Amino acid sequence: MNTHLARVVVAVTAAAASVSLAGCGSTEGADAGSGGSAGNEAIKVGLLLPEDQTARYEKFDKPLIEKEIAKFTRNKGQVVYANAKQDAAVQNAQVDDMIARKVNVIIIDAVDAKAIAGAVKKAKDARIPVIAYDRLAEGPIDAYTSFDNEDVGKVQAKALLEALGDKAGSGQIVMMNGSVTDPNAKGFKSGAHFVLDGKVAIGKEYDTKEWKPENANANMTAALSALGKGKIIGVYSANDGMAGGIISALKAAGVSALPPVTGQDAELAGVQRIVAGEQYMTVYKSYAPEAAAAAEMAVSLAQGEKIDGLINQMVDSPTTPGVPSVLVPGVALTKNNIRSTVIEDGVYTVAEICTDKYKAACDEIGLK
C-alpha cells in the first residue's frame with residue numbers, strides 16, 4: 001500500500017481497536033430500536049447504497065462494511081442492506097423501512113443529497129443516528145466519511161496537465177463533471193478548476209446526469225461537433241464510467257490518437273483502458289479505510305459512545321455545520337503504478353487485469 005494511504009489506514013486501525021474494546025460489553029435489555037443504547041448482540045446497522053451501475057458499491061463497499069461491522073461486534077452485529085438503484089424516492093422509502101425495522105444506526109450513501117434530508121430527519125426523530133457515507137447527505141446527520149473530494153479533483157487535474165505538458169496551450173479540453181445531485185461532484189469540479197483555470201482553455205463543460213456513461217458519451221459527441229475533433233487536446237472526466245463513454249465517443253468520431261482522459265474509482269475496465277493506453281489515469285481510492293471508518297463510527301454511535309477520537313475533520317453541509325468526519329486521500333493511478341496500488345492492495349490480480357485482450361499491453365509495461 002502507498003505511504004500516504006498507509007498513514008490513514010494506520011489511524012483508522014488504531015481507532016478501530018478502541019471501538020472494538022468499547023464494543024465488547026453487553027447491555028442486556030437495551031432497546032434495539034433506539035440508536036445509542038444497543039449492546040453488541042443487539043446492534044442492527046442499516047446500510048443504504050445508491051446504485052449498482054458503478055462496480056464499487058456491490059463489489060467493494062458492501063462486503064467491506066459488512067466485514068468491518070462483523071469484526072467490531074464480534075459477529076453479533078447485523079447489516080440490513082438495500083440498494084436504491086439510482087432512485088431517490090426509493091431510497092427515501094428505504095429509510096422509512098429501516099426505521100420500521102428498528103435499526104440502531106443507518107449508514108447511507110445518498111442518491112440525491114438534498115432529497116434525502118427529510119428521511120434523515122425522520123431517522124433522527126426516531127433516535128437513530130445517521131452516518132453519511134461517501135456523499136455528504138443533507139439533514140441532521142451525525143457523522144460523515146468519504147474521500148477528500150476537492151483533493152481528488154486536484155489530483156485528476158494535475159495529472160491531466162502533466163499528460164499535456166507543453167501542449168496545454170495548443171488547444172482546448174472538455175470537462176465532464178458528475179451529477180449535480182451528488183455533492184461530491186461539486187468538490188471534484190471545484191478542485192479541478194482550482195488547478196486547471198488559467199492553465200488550459202476549457203472549450204466545453206458538462207454536468208453529467210446521473211453519472212451515466214451514455215450521457216457522458218452524448219455530451220462528448222456534442223463537444224466534438226462543437227469544437228472539432230482536432231481541437232480537443234484532453235478530457236477531464238470525473239470518473240471511470242464516464243471515461244468509458246467519452247472514449248467510445250472519441251473512437252466513433254474517428255479520433256485515432258486519443259487525448260489524455262482522466263477518471264476515478266479504479267474500476268477494472270478503467271484500469272484495463274489505462275493498460276491499453278486509452279485512458280491516461282484514474283484516482284485510486286482505497287475503500288477499506290472509508291468502510292472501516294463508517295463501520296467503527298456506526299458501532300460507536302449505536303452504543304452511545306463518542307466518536308471524537310475517530311474523526312480527522314469537521315465538515316459543513318448546506319444544512320448542518322460542523323459534521324464530525326473522516327476524510328481519506330486518493331492517489332493518481334497510471335500505468336506506472338498499477339502494481340503498487342490496486343494489485344498490492346488486493347483489489348485486482350494481474351490475471352484479472354491482463355486478460356487475453358490486454359496481455360500484450362500488460363507485457364509491454366511489465367505487468368506479468
Side-chain angles (χ1 to χ4, degrees), residues 12 15-50 52 57-58 60-85 90-111 116-135 137 139-145 287-288 290-307 310 323-324 326:
V12 168
S18 67
V19 173
S20 297
L21 290 172
C24 289
S26 172
T27 51
E28 292 184 12
D31 178 5
S34 300
S37 63
N40 278 346
E41 65 280 353
I43 289 176
K44 194 187 297 185
V45 180
L47 174 60
L48 301 179
L49 296 182
D52 55 6
Y57 294 113
E58 298 289 332
F60 299 116
D61 298 271
K62 177 179 179 286
L64 281 168
I65 290 171
E66 289 174 336
K67 178 182 176 183
E68 295 299 325
I69 292 293
K71 181 174 73 175
F72 296 155
T73 62
R74 294 190 171 185
N75 294 315
K76 293 178 180 178
Q78 177 188 356
V79 175
V80 184
Y81 176 65
N83 190 303
K85 298 187 178 179
V90 167
Q91 192 169 63
N92 283 350
Q94 288 171 342
V95 174
D96 290 341
D97 182 57
M98 294 295 169
I99 295 171
R101 293 189 185 207
K102 296 186 177 181
V103 299
N104 302 108
V105 61
I106 294 173
I107 299 171
I108 186 165
D109 190 340
V111 172
I116 201 65
V120 173
K121 176 67 164 52
K122 285 183 185 179
K124 191 74 170 180
D125 291 343
R127 296 173 57 212
I128 300 172
V130 178
I131 298 169
Y133 181 77
D134 206 56
R135 295 171 181 166
I141 59 171
D142 295 270
Y144 169 55
T145 182
Y287 303 123
E290 186 188 22
E296 63 196 3
M297 288 193 291
V299 171
S300 187
L301 288 170
Q303 295 180 303
E305 302 287 343
K306 292 183 178 180
I307 59 171
L310 307 180
V323 178
V326 176

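All figures in this text were calculated on a predicted structure; none of them were measured in a lab.
In this structure, the side-chain contact (heavy atoms from CB on, under 4.5 Å) partners of Ala117, at least two apart in sequence or on a different chain, are Glu138. Every residue two or more places apart in sequence or in another chain that forms a salt bridge (Lys or Arg N to Asp or Glu O under 4.0 Å) with Lys121 is listed here: Asp125. For Asn92, there are no side chain to side chain donor-acceptor pair (under 3.5 Å) partners, not counting sequence neighbours. Under the rule for a ring-ring contact (aromatic ring centres under 6.0 Å, His included), the partners of Tyr287 that lie at least two apart in sequence or sit in another chain are Phe60. Remark: Ala132 engages Ala137, Ile141, Tyr144 in a side-chain contact (heavy atoms from CB on, under 4.5 Å) (not counting sequence neighbours). Asp52 meets the salt bridge (Lys or Arg N to Asp or Glu O under 4.0 Å) test with no other residue; sequence neighbours excluded.
Taking 4.5 Å as the limit, some side-chain heavy atom of Leu49 sits within range of a side-chain heavy atom of Tyr133. Looking only at side-chain heavy atoms (C-beta outward), Asp134 and Tyr57 come within less than 4.5 Å of each other. Two residues are said to be in side-chain contact when any heavy atoms from C-beta on lie closer than 4.5 Å; Val299 and Glu68 fail this criterion. Residues Arg101 and Asp97 form a side-chain contact, since some pair of their non-hydrogen atoms from C-beta on lies under 4.5 Å apart. For the pair Lys76/Ile43, no side-chain contact is recorded, criterion being any heavy-atom separation below 4.5 Å from C-beta on. In this structure the side chain of Lys124 never reaches within 4.5 angstrom of the side chain of Val130, judged on heavy atoms. A 4.5 Å side-chain heavy-atom check between Val80 and Val45 finds every atom pair outside the cut-off.
Going from atom CD1 of Ile128 over to atom CE of Met98 covers 10.0 Å, rounded to the nearest 0.5 Å. Atom CG of Leu301 and atom CD of Glu296 lie 10.5 Å apart (nearest 0.5 Å). The line from NZ of Lys85 to CD of Gln91 is 13.5 Å long, rounded to the nearest 0.5 Å. Rounded to the nearest 0.5 Å, atoms NZ (Lys44) and CD1 (Ile106) are 11.5 Å apart. If you take OH on Tyr81 and CG on Leu47, they are separated by 6.5 Å, rounding to the nearest 0.5 Å. If you take CD1 on Ile131 and CE on Met297, they are separated by 5.0 Å, rounding to the nearest 0.5 Å.
Heavy atoms only, all atoms of each residue included: Ala293 and Thr145 are closest at CB-OG1, 3.6 Å. Nearest heavy atoms, Ala302 versus Val105: CB-CG1, 4.2 Å. Asn83 approaches Glu58 most closely through the heavy-atom pair ND2-OE2, 2.9 Å. When all heavy atoms are compared, the tightest approach of Gly139 to Val120 is C-CG1, 4.0 Å. Closest approach of Ala84 and Val111 over heavy atoms only: CB-CG2, 3.7 Å. Closest of all the heavy-atom pairs between Ile65 and Ala291 is CG1-CB, 3.7 Å.
Within the 3.5 Å criterion, the main-chain N or O of Ala110 finds a donor-acceptor partner in the side chain of Arg135.
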